Amino acid sequence: MRRFPCLPRGTVRASVHSKNSMSRTLIKDALNATAPNDAILLQGWVRTRRDAKTFSFLELNDGTCLKGIQVIADASLPNYAAEIARAHTGASVEVRGKLVESKGSGQKWEVVASEFKILGEADATYPLQKKGHTLEFLREIAHLRPRSNLFGAVFRVRSRLAFAVHQFFQSKNFIYVHTPIITASDAEGAGDMFRVTTLDLENPPRGEDKRVDATKDFFGKKTFLTVSGQLEGEIFATALSNVYTFGPTFRAENSNTSRHAAEFWMIEPEVAFCDLAGDMTLAEEFVKYLIRDAKEHCAADLEFFSKFVDKELLARLDFVLDKPFVRCSYTEAVEILEKSGKQWEHPVSWGANLQAEHERYLTEEHFKCPVTVYNYPRAIKAFYMRKTDGCAPDRQTVAAMDLLVPGIGEIIGGSQREERLAELREGMALHHLDEKAYWWYLDLRRYGSVPHAGFGLGFERMLMFVTGVSNIRDVIPFARTPGTADF
RNA sequence: UGCCCGGUAGCUCAGUGGCAGAGCAGGUGACUGUUAAUCACUUGGUCGCUGGUUCGAUCCCAGCCCGGGCAGCCA
């Protein structure tokens, strides 16, 4: 659909093939009208039809907002008998008529049709019914589910929040960096990677040792889909000061949970001249900004979620906005868990990773609030995290932090990075990494190194938190999970 | 990948070792400024697949496939 800049905001030229040039009004704008309108053109999909003796009610939705608009099609319309019978749920239609104040209750405006045309019929096999469907069923018809109330709302919020991500960082003078999707570094430690290759898998080139010869591959070496843009982000942070990435991320783990996907979108800010405390503050501000933005710009959609998905959603979002997030060191967290008197499936002890049950207890039961846990044992965290000064030898920690939220668990993971060359090399040795593969990363510490920190926010997990939708597959247009890459 | 639960009409589900059920959707009719309208009637089935037990299996057993939940991995 072509947009014409001369038209008022929200109007779109109906079609270059139209008999006349009346502009399309989006249903969102029609519902927000401040005055009646004698000539209006609506285009959208029929949600439901109710027939009276001498006319029909049609509820029309075009995805621009949650609500549909009520259209009155009178039996005196010349094509009424033929067309109205075809106006089933799901059909696409074009309506010309008058926007008038509704005689019925339940809506302010409605459209009395003077012309009514079915553009695309939807017969009885159309899978979306007026009744509610299970999320599992809707996943199987991911090509049609955006036409449902829930998924329309989810993807409107997704779009808005993606925009808000940029607004937040741009307003703080962060530079947006496009880090590569294809990467040759296979030891970032963030999980299994998808191999990228153009080699003939049936008959790959082999070296003298009979092993597949990766030097014959497209890039002359083994390559993978990125699991994180962080290392490249650090390159730009140590040049442009404040940067962020926002793009797709890939993990080839065989994870079958409601909060893992093989392809997801991650936001990774990286801040030069910043320590862990500053990193935690930025994370908290960021999360609150996104929530506030959704509440402001997606109010109707959020109300829908709180009515049909999670009754406590709005109260929880307000609560999160009102309170400062709790900050709790790993060592304190372990003490809390040990003193809780709970029977843990996974035992708690200093040095062991916090398990989901532990994280859930901290954020949902003990603090009842988002919690940032920081300073984790060095042995269980990544090589690039900054070694904490002055630790007891058997309790060495690094400046890592995880932001935990009720219902979802970890939504952000971040750290202050090790900026000291000697300590970084020590960390790499500890994790058995080959320095040669990271020569450029080490160079950042050789030349003008600065303290810096950053984190990764899982965009879909944030959407789950904001919408109350409890499965990650339902906040991604087309989810990629083990065994599933449909559409 | 491990543990657990499920798969019966288009959808949501009930059910039984012996003729396959309901609600909704669809169809027909009635009624109505209706709001997931209402009322009456009505069409609709490879009971996930394969094999086994049995006179007889949708039901019991085994294997497989698919979906979901939880755990691990993490964002």
Side-chain angles (χ1 to χ4, degrees), chain A residues 47-59 67-74 85 88-90 100-107 110 112 122-141 144 148-149 188-193 227-230 248-268 283 308 344-346 353-360 380-382 400 402-405 408-414 455-465 470-476 481-484 486:
Chain A
R47 279 298 177 77
T48 176
R49 187 185 95 212
R50 295 175 289 273
D51 295 329
K53 188 159 237 153
T54 58
F55 61 95
S56 292
F57 295 110
L58 287 162
E59 190 188 328
K67 267 183 78 91
I69 194 162
Q70 177 158 286
V71 173
I72 316 292
D74 196 86
H88 291 119
T89 300
V100 299
E101 288 198 38
S102 178
K103 279 193 260 175
S105 58
Q107 61 278 316
E110 64 189 19
V112 178
D123 69 14
T125 62
Y126 182 65
L128 283 173
Q129 299 174 3
K130 293 184 234 180
K131 243 188 134 169
H133 288 290
T134 60
L135 296 173
E136 289 81 1
F137 171 68
L138 291 167
R139 271 172 221 150
E140 292 169 8
I141 51 164
L144 296 172
S148 67
N149 285 334
E188 287 171 25
D192 294 333
M193 301 173 88
V227 293
S228 165
Q230 180 203 316
T249 309
F250 306 88
R251 304 271 167 94
E253 259 108 35
N254 191 8
S255 298
N256 289 291
T257 79
S258 54
R259 56 188 194 285
H260 288 88
E263 177 183 299
F264 62 99
W265 284 60
M266 185 156 65
I267 297 123
E268 295 180 286
F308 293 104
W344 303 112
E345 196 182 319
H346 302 269
N353 231 323
L354 296 183
Q355 303 296 315
E357 58 173 337
H358 307 141
E359 296 183 341
R360 233 183 297 122
I380 58 171
K381 286 292 182 180
D402 283 352
L403 174 57
L404 314 175
V405 295
I408 292 160
E410 184 177 345
I411 199 168
I412 280 179
F455 61 80
L457 170 94
F459 187 54
E460 285 78 16
R461 289 192 182 170
M462 186 68 208
L463 277 168
M464 291 166 72
F465 188 68
S470 62
N471 195 309
I472 199 166
R473 296 170 182 91
D474 300 325
V475 295
I476 307 181
T481 51
T484 304
D486 298 328

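Convention: sequence-line order gives letters A, B, ...; per-chain numbering from 1. Computed from a prediction, not measured in an experiment: that's the story for all the values here.
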Take atom C1' in B:A22 and the same atom in B:A14, then report the distance between them in whole Å.
7 Å

Taking atom C1' in both B:U32 and B:U38, what distance in whole Å separates the two?
8 Å

What integer distance in Å separates A:Asp486:CG from B:C66:C1'?
12 Å

As an exercise, state the distance from CD of A:Glu410 to CG of A:Leu354, rounded to the nearest 0.5 Å.
10.0 Å

Could you tell me whether B:C31 is syn or anti, where syn means a glycosidic angle within 90 degrees of zero?
anti

Taking all non-hydrogen atoms of both residues, which atom of A:Ser258 and which atom of A:Ser470 are closest, and how far apart?
CB-O, 3.5 Å

With a 4.5 Å heavy-atom cut-off, do A:Trp265 and A:Glu460 have their side chains touching?
yes

B:C70 OP1/OP2 closer than 4.0 Å to side-chain N/O of A:Ser258:
yes

Rounded distance [0.5 Å steps], CD1 in A:Ile408 versus CZ in A:Arg360
12.5 Å

Using whole Å, report how far CD1 of A:Ile408 lies from P of B:C74.
18 Å

Check the distance between B:A71's C1' and A:His358's NE2 and give it to me in whole angstrom.
12 Å

Could you give the CZ-to-C1' distance, from A:Phe459 to B:C74, as a whole number of Å?
18 Å

Which nucleotide wins on minimum distance to the side chain of A:Arg139, given the candidates B:C74, B:G68, B:A36?
B:G68

Atom of A:Ser228, atom of A:Thr249 and distance for their closest heavy-atom approach:
N-CG2, 4.1 Å

Atom pair OG1 (A:Thr89) and CD (A:Glu59), whose distance is rounded to the nearest 0.5 Å:
9.5 Å

Provide the distance between the two C1' atoms, one in B:U16 and one in B:G10, to the nearest whole Å.
25 Å

For atom P, what is the distance between B:G6 and B:G23, given to the nearest Å?
26 Å

State whether the distance check finds a donor on one side and an acceptor on the other, under 3.5 Å, for side chain A:Arg461 versus base B:C74.
yes

Relative to the 5' end of RNA chain B, which residue comes earlier, A:Pro482 or A:Gly413, by the nucleotide with the nearest heavy atom?
A:Pro482

Output yes when at least one side-chain N/O atom of A:Thr48 is less than 4.0 Å from OP1 or OP2 of B:A37, else no.
yes

Across the strands shown, which category fits A:Asp402 at heavy-atom distances under 4.0 angstrom: base, sugar-phosphate, nothing?
nothing

Closest to the 5' end of RNA chain B, once A:Ala262 and A:Thr484 are matched to their nearest nucleotides, is A:Thr484

Is A:Phe264 stacked on the base of B:A75, with ring centres under 5.5 Å apart and planes under 30° apart?
yes

To the nearest 0.5 Å, what is the distance between CD1 (A:Ile69) and CD (A:Gln107)?
9.0 Å

As an exercise, state the distance from NE2 of A:His133 to CD of A:Glu140, rounded to the nearest 0.5 Å.
11.5 Å

Rounded to whole angstrom units, what separation is found between the CD1 atom of A:Ile380 and the P atom of B:G72?
13 Å

A correct 5'-to-3' footprint of nucleotides 38-44 of chain B, with B, S and - meaning base, sugar-phosphate only and no protein heavy atom under 4.0 Å, is -------

If you measure from the C1' atom in B:G21 to the same atom in B:A62, how many Å do you get, rounded?
29 Å

Do A:Asn353 and A:His346 come within less than 4.5 Å of each other through their side chains, counting heavy atoms only?
no

A:Ile472 and A:Met464: side-chain contact (heavy atoms from CB on, under 4.5 Å), yes or no, with the steps?
CA-CA 7 Å; A:Ile472 199 166; A:Met464 291 166 72; 3.9 Å; yes

Any A:Gln230 side-chain heavy atom under 4.5 Å of A:Met266 side chain
no

A:Phe250 versus A:Pro248, closest heavy-atom pair with distance:
CZ-CB, 3.9 Å

Show me, range against range, the stems involving RNA chain B, built from at least 3 consecutive Watson-Crick or G-U pairs below 3.5 Å.
B:1-7 with B:65-71, B:10-13 with B:21-24, B:26-30 with B:38-42, B:48-52 with B:60-64

Here the distance between atom C1' of B:G68 and atom CG of A:Leu135, to the nearest Å, is 11 Å

A:Asn353 side chain, from C-beta outward: closest of B:C74, B:G68, B:A71
B:C74

Is A:Asn471 near enough to B:G69 that one of its side-chain N or O atoms lies under 4.0 angstrom from OP1 or OP2?
yes

Within the 4.0 Å heavy-atom criterion, would you say A:Arg49 contacts the bases, only the backbone, or no part of the nucleic acid?
nothing

Atom pair CD1 (A:Ile141) and CG (A:Leu128), whose distance is rounded to the nearest 0.5 Å
4.5 Å

Counting only side-chain heavy atoms from C-beta out, which of B:C74, B:A75, B:A71 sits nearest to A:Ile472?
B:A75

Stepwise side-chain contact (heavy atoms from CB on, under 4.5 Å) check, A:Arg47 with A:Asn149:
CA-CA 10 Å; A:Arg47 279 298 177 77; A:Asn149 285 334; 2.6 Å; yes

Among residues at least two apart in sequence or on other chains, which ones pass salt bridge (charged side-chain N to carboxylate O under 4.0 Å, His left out) with A:Asp402?
A:Lys381

What's the CD-P distance between A:Glu410 and B:G72, to the nearest Å?
11 Å

Apply side-chain hydrogen bond (donor to acceptor under 3.5 Å, both in side chains) to A:Arg473 and list each qualifying residue two or more places apart in sequence or on a separate chain.
A:Asn471

Rounded distance in Å between the C1' positions of B:G72 and B:C3
12 Å

Check the distance between B:G2's C1' and A:His346's NE2 and give it to me in whole angstrom.
11 Å

Pairwise C1' distance, B:C55 and B:A40 [rounded to whole Å]
44 Å

B:G69 and B:C64, which share atom name P, separated by this distance in whole Å:
22 Å

Heavy-atom pair of closest approach, residues A:Val227 and A:Arg251
O-NH2, 2.7 Å

Using a 4.0 Å cut-off on protein heavy atoms (strictly under), produce a 5'-to-3' string for nucleotides 5-15 of chain B with B for base contact, S for backbone-only sugar-phosphate contact, and - for none.
-----BSS---

With the sugar-phosphate defined as primed atoms, P, OP1 and OP2, and the base as all remaining atoms, what B/S/- string results for nucleotides 28-35 of chain B, 5' to 3', for protein heavy atoms under 4.0 Å?
---SBBBB

